[in-house]
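Heads up, the thing below is written out as structure tokens.
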Amino acid sequence: MDYRVIQEFTLPGDPPTQDRLDRLRARLTAAAPGASIELGIGRMLVHMTVSATDAERAVASARDTASGVLGRRAAHAEIAP
């Protein structure tokens, strides 16, 4: 089953430059096709679709993939309704 997982990462300091954001997007979509990044004040949301047998495994897989690309763990992750 496919699950849409949303992860929230806190952004300490200044937000990434457009060039850095473009590189992160490219690396993320290479690791998880269809993934997207949304910037907010002090946070970054990562949306991705993960195929897994249950929601818990989908979140774990999404966390592993995003942390491998971004170099840190999400502060919060949830399954999109």
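Position 1 is the first residue of the sequence; numbering continues from there. Side chains included, hydrogens not; waters and symmetry mates left out as well; all remaining heavy atoms used.
Between Thr53 atom OG1 and Tyr3 atom OH the span is 7.0 Å, to the nearest 0.5 Å. Atoms NE2 and CG, on His47 and Leu28 in that order, are 11.0 Å from each other to the nearest 0.5 Å. The CD atom of Glu78 sits 12.5 Å away from atom CZ of Arg4, with the distance rounded to the nearest 0.5 Å.
Formation of a donor-acceptor pair under 3.5 Å by the Arg72 side chain with backbone atoms of Phe9 is not found in this model. Counting only distance, with no hydrogens or angles, the side chain of Gln7 and the backbone of Ala66 share no donor-acceptor pair below 3.5 Å. A distance-only check finds a donor-acceptor pair linking the side chain of Thr65 to the backbone of Ser61 [under 3.5 Å].
In Glu56, the CD atom is not crowded: 12 or fewer heavy atoms of neighbouring residues, nucleotides or ligands sit closer than 6.0 Å. The number of heavy-atom neighbours closer than 6.0 Å to CZ of Arg73, taken from other residues, nucleotides and ligands shown, is above 12.
Among Val5, Asp64, Asp2, the one residue that satisfies the side-chain contact (heavy atoms from CB on, under 4.5 Å) test with Val50 is Val5.
Side-chain atoms of Arg43 and Thr10 include no donor-acceptor pair closer than 3.5 Å.
Linking Ile, Leu, Val, Met, Phe, Trp and Tyr residues whenever their side-chain heavy atoms come within less than 4.5 Å leaves Ile6 and Leu11 in two separate clusters. Placement of Val69 and Leu45 in two distinct hydrophobic clusters is found when ILVMFWY residues are connected by side-chain heavy-atom separations under 4.5 Å, directly or transitively.
Salt bridge absent: Arg27 and Asp22 never bring a charged side-chain N and a carboxylate O closer than 4.0 Å.
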